[in-house]
Amino acid sequence: MNKIAPELIAELKEKKEPEKGLPPLEVGGALVMRFAPNPNGPPTLGSARGIVVNSEYTKKYKGKLIIRFDDTDPATKRPMLEAYTWYLEDCEWLGAKPDEVVIASDRIDKYYEVAEQLIKKGGAYVCFCEQETFKALKDEKKACQHRNEKPQKNLEFWKKMLAGEYKEQEAVLRIKTDIAHKDPAIRDWVAFRIIKTPHPRPEVGGKYCVWPLLDFEGAVEDHLLGTTLIIRGKDLTDSETRQRYVYKYMGWTYPETMHWGRVQIHEFGKLSTSGIKKAIAEGQYSGWDDPRLPTIRAIKRRGILPEALRKFMLDLGLGETDISLSLDTLYAENRKIIDPVANRYFFVWDPVELEVEGAEPKIAKAPLHPTRGGIREIPAGTTVLITKNDADSLKEGERLRLKDLYNIEVISISPLQVKFIGTDMDLVKKEKARIIHWAPLDGLKVRVLSPDREFIGMGEHGMEKEVDKVVQFERFGFVRIDSVNGDEIVAYFTHK
RNA sequence: GCUCCGAUAGUGUAGCACGGCCAAUCAUGUCAGACUCUCACUCUGACGACUGGGGUUCAAAUCCCCAUCGGAGCACCA
């Protein structure tokens, strides 16, 4: 068979193992994609999906990846200056360095030009209706009095808008669509509104008082940037219908589009950027990289590797269904990468002193890693520390082993008394004795920050050399050594 | 109210464009066991799904209709 029709075999194999993750794309010419966040906070796990998927496609099809900051709302969703840098940092960390960076607030004049052309073509008009008035008319498929104004007149109004002659709320520029469109979401939408709050970027500041809305800014940018494929959340599906009016007036070609559903993560629930911002200000979180937050910065700090996060996001595919997922899969992905390389250490949380009768001081020799080799030496006195959990579970007469050290027998529970009974591994092999871990009395103070709680305890020496690395605290879980302050180690819990 | 969209195991996904090879893929999870001086890793096994009802057809997860459930938009937010 192999000789007669090797291509059939190849085809069979291909069918057996379909490409995981993203569906293949039919790319005609060059592929240009963009990721377009509003930098009003740092990138989150949700942003990561956009960054990863866009970058994966542009990598795969040798396309161009653009990051475009849609920062055209200086008031309601006001951009944060630091966030521009954070996005670029996090993109790079995720292996998605953009080929081009565009900031919308730098390009307002370009949007004005298009607006002017649209007005001249009769595709846009200045509307002075109050919001409620317009909505009432719109719901009845009725045009307002401003809709039929001559382009010449509209141009005049527009210039006045730009000159700052109107107050906020007084006038907007609307795109003329179909006032009787069966979908009310499409009828004559707002393209520009007046905002007198200065933009946070010093380069822009109070330069403009007329700002485009996302649908307009995005429409113009996607044309200017030559975007060929847009992938975005399904909350923006209607944007396409709206934006197509602009494209039609201008004679442009609309990009291909794909949409995905909303992602909710069990561990984080519903957290909005503005909600988090408030909570940080109130001191509920230590900052944007607090381990309880779903930001990329926090995930990074906790020791999740970018490869794991990429794989996790890619495996979600591109469904339009809303998904609700747990981070377990991400952790499993990360563990696969980390387990073979992470060194092992003892860390005793909620420590309890254990004096071992009849023991001699000894230097324990434990493997740095169960299969990779390497030895760590831990000097143990006659008193060691064990975790309260283990201490509480001891039974009178129980014989057990302190890992990599020696065997003990419990004489009494209260007061807790144990005695040395040898070093023979047979105790474990034959009696199936429990093995518990321990820490030396003169170890390092360790604080572990996890999303649920903070662990304080003692760890063995050596881990202070692992700053910024992920290690495993045996019988505890993986942890990223974050910093060393004097004799105290701060670690972030990664996962079990 | 109007308009769109979606529905495969606990979770996420493959299969659906071109119906049969699907008593349905892979991953994660849970449980059990093996290995192991960690409750980690690895290995083995088990568990577990086509939302419901009609229709078309020799044949439906796949095509059509209805119902149900879920989501999104109808902002001078992104």
Side-chain angles (χ1 to χ4, degrees), chain A residues 12 15-21 23 36-40 70-73 75-79 127 129-131 134-135 138-139 141 168-174 181-187 189-195 210-211 213-215 217-218 232-242 259 261-263 266 273-274 311-312 314-333 335-336 338-340 342 344 346 364 366-367 369-371 389 401-407 425 427-429 433-437 472-478 495-496:
Chain A
L12 274 175
K15 269 204 166 171
K16 275 263 164 65
E17 284 194 38
E19 198 151 324
K20 277 277 184 293
N38 174 12
N40 62 338
D70 283 348
D71 58 346
T72 58
D73 176 13
T76 321
K77 288 196 176 169
R78 190 172 171 80
C127 176
C129 291
E130 286 193 11
Q131 250 177 96
F134 186 86
K135 178 168 169 37
K138 182 194 73 180
D139 286 346
K141 305 184 180 178
E168 289 188 11
Q169 311 283 320
E170 199 177 340
V172 293
L173 186 77
R174 285 186 189 280
H181 196 285
K182 63 174 181 170
D183 182 352
I186 306 306
R187 299 171 196 159
W189 49 277
V190 176
F192 287 87
R193 82 296 212 191
I194 299 168
I195 297 177
V210 174
W211 288 90
L213 278 107
L214 176 74
D215 279 334
E217 177 264 329
R232 57 186 165 198
K234 71 174 183 184
D235 46 322
L236 295 178
T237 33
D238 289 335
S239 283
E240 176 168 348
T241 320
R242 285 197 280 254
H259 299 93
R262 276 196 103 73
V263 181
H266 296 318
T273 301
S274 52
K311 175 97 174 14
F312 177 69
L314 256 18
D315 279 351
L316 296 183
L318 233 57
E320 285 198 36
T321 328
D322 293 338
I323 52 180
S324 165
L325 34 93
S326 127
L327 255 20
D328 283 343
T329 318
L330 173 63
Y331 295 157
E333 220 57 77
R335 191 154 38 226
K336 277 183 204 156
I338 271 170
D339 185 73
R344 270 55 173 172
F346 287 150
H369 187 275
T371 55
N389 268 351
R401 180 167 180 85
L402 294 176
K403 190 167 186 288
D404 303 309
L405 189 60
Y406 46 60
N407 307 327
M425 270 309 285
L427 181 78
V428 172
K429 300 237 160 88
R434 282 202 288 163
I435 298 168
I436 63 171
H437 71 293
Q472 189 196 48
F473 286 167
E474 295 193 51
R475 303 211 307 144
F476 180 77
F478 292 92
H495 46 65
K496 285 293 273 183

Give one of base, sugar-phosphate or nothing for [X], where a contact means two heavy atoms less than 4.0 Å apart.
{"X": "A:Lys182", "value": "sugar-phosphate"}
{"X": "A:Pro340", "value": "nothing"}
{"X": "A:Leu214", "value": "base"}
{"X": "A:Thr237", "value": "nothing"}
{"X": "A:Cys127", "value": "nothing"}
{"X": "A:Asp322", "value": "sugar-phosphate"}
{"X": "A:Val190", "value": "sugar-phosphate"}
{"X": "A:Asp73", "value": "sugar-phosphate"}
{"X": "A:Arg344", "value": "base"}
{"X": "A:Asp183", "value": "base"}

If I take atom [atom1] in residue [X] and atom [atom2] in nucleotide [N], what distance separates them, rounded to the nearest angstrom?
{"X": "A:Trp189", "N": "B:A78", "atom1": "CH2", "atom2": "P", "answer": "12 Å"}
{"X": "A:Lys141", "N": "B:C74", "atom1": "NZ", "atom2": "P", "answer": "18 Å"}
{"X": "A:Arg262", "N": "B:G12", "atom1": "CZ", "atom2": "C1'", "answer": "18 Å"}
{"X": "A:Phe478", "N": "B:C41", "atom1": "CZ", "atom2": "C1'", "answer": "7 Å"}
{"X": "A:Lys138", "N": "B:U3", "atom1": "NZ", "atom2": "C1'", "answer": "11 Å"}
{"X": "A:Asp315", "N": "B:U13", "atom1": "CG", "atom2": "C1'", "answer": "8 Å"}
{"X": "A:Asp71", "N": "B:C77", "atom1": "CG", "atom2": "P", "answer": "15 Å"}

Listing time: all N or O pairs from protein to nucleotides 46-48 of chain B that are below 3.5 Å?
none

Ignoring hydrogens and angles, answer whether the base of B:C77 and the side-chain atoms of A:Lys77 contain a donor-acceptor pair closer than 3.5 Å. yes

Is there a donor and acceptor pair, one atom on the side chain of A:Glu333 and one on the base of B:U28, closer than 3.5 Å? no

Go through the steps for A:Leu173 and A:Val190 under the test side chain to side chain contact (heavy atoms under 4.5 Å, CB included), then give the verdict. CA-CA 6 Å; A:Leu173 186 77; A:Val190 176; over 6 Å; no

pair A:Asp322-A:Lys234: side-chain heavy atoms closer than 4.5 Å: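 A side-chain contact under 4.5 Å exists here.
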
Establish, for the pair A:Arg174 and A:Phe134, whether the NZ or CZ atom is under 6.0 angstrom from the six-membered ring centre and no further than 45 degrees off its axis.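 The answer is yes, since A:Arg174 meets both limits relative to A:Phe134.
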
Looking only at heavy atoms, the pair that brings A:Asp404 and A:Phe346 closest together is OD2-CZ, 3.7 Å

Which of these nucleotides, [options], is closest to any side-chain atom of [X]?
{"X": "A:Glu320", "options": "B:G6, B:C37, B:A78", "result": "B:G6"}
{"X": "A:Ser324", "options": "B:G12, B:C76, B:A78", "result": "B:G12"}
{"X": "A:Pro184", "options": "B:A40, B:A78, B:G73", "result": "B:G73"}
{"X": "A:Ala332", "options": "B:C74, B:U28, B:C76", "result": "B:U28"}
{"X": "A:Ile435", "options": "B:C74, B:C37, B:G12", "result": "B:C37"}
{"X": "A:Leu213", "options": "B:C76, B:C74, B:C37", "result": "B:C76"}
{"X": "A:Lys234", "options": "B:C74, B:G71, B:C76", "result": "B:G71"}
{"X": "A:Asp70", "options": "B:C37, B:C74, B:A78", "result": "B:A78"}

Where the chi angle of B:A17 falls, syn if within 90° of 0 and anti if not: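 The base of B:A17 is oriented syn (glycosidic angle within 90° of 0).
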
Within the supplied structure, the quantity of interest is the number of heavy atoms (other residues, nucleotides, ligands) at a distance under 6.0 Å from A:Glu170 CD; does it exceed 12?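 Enclosed.
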
[X] side chain near [N] phosphate (N/O to OP1/OP2, under 4.0 Å):
{"X": "A:Gln472", "N": "B:A40", "answer": "no"}
{"X": "A:Arg193", "N": "B:A75", "answer": "no"}
{"X": "A:Arg335", "N": "B:G29", "answer": "yes"}
{"X": "A:Lys336", "N": "B:U28", "answer": "yes"}
{"X": "A:Lys429", "N": "B:U36", "answer": "no"}
{"X": "A:Thr371", "N": "B:C41", "answer": "no"}

Using the P atom on both, measure B:C64 against B:A17 and round to a whole Å.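 Nearest-Å result for B:C64 against B:A17 at atom P: 10 Å.
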
For a quick check under 3.5 Å, do A:Asn40 and A:Thr273 share a side-chain donor-acceptor pair by atom type? no

Secondary-structure stems, RNA chain B, at least 3 Watson-Crick or G-U base pairs under 3.5 Å: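 Output for stems: B:1-7 with B:68-74, B:10-12 with B:26-28, B:29-34 with B:42-47, B:51-55 with B:63-67.
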
Looking at A:Lys311 and A:Asp315, does any basic side-chain N land under 4.0 Å from a carboxylate oxygen? yes

Please enumerate all protein N or O atoms sitting under 3.5 Å from an N or O of nucleotides 61-63 of chain B, with distances to 0.1 Å.
none

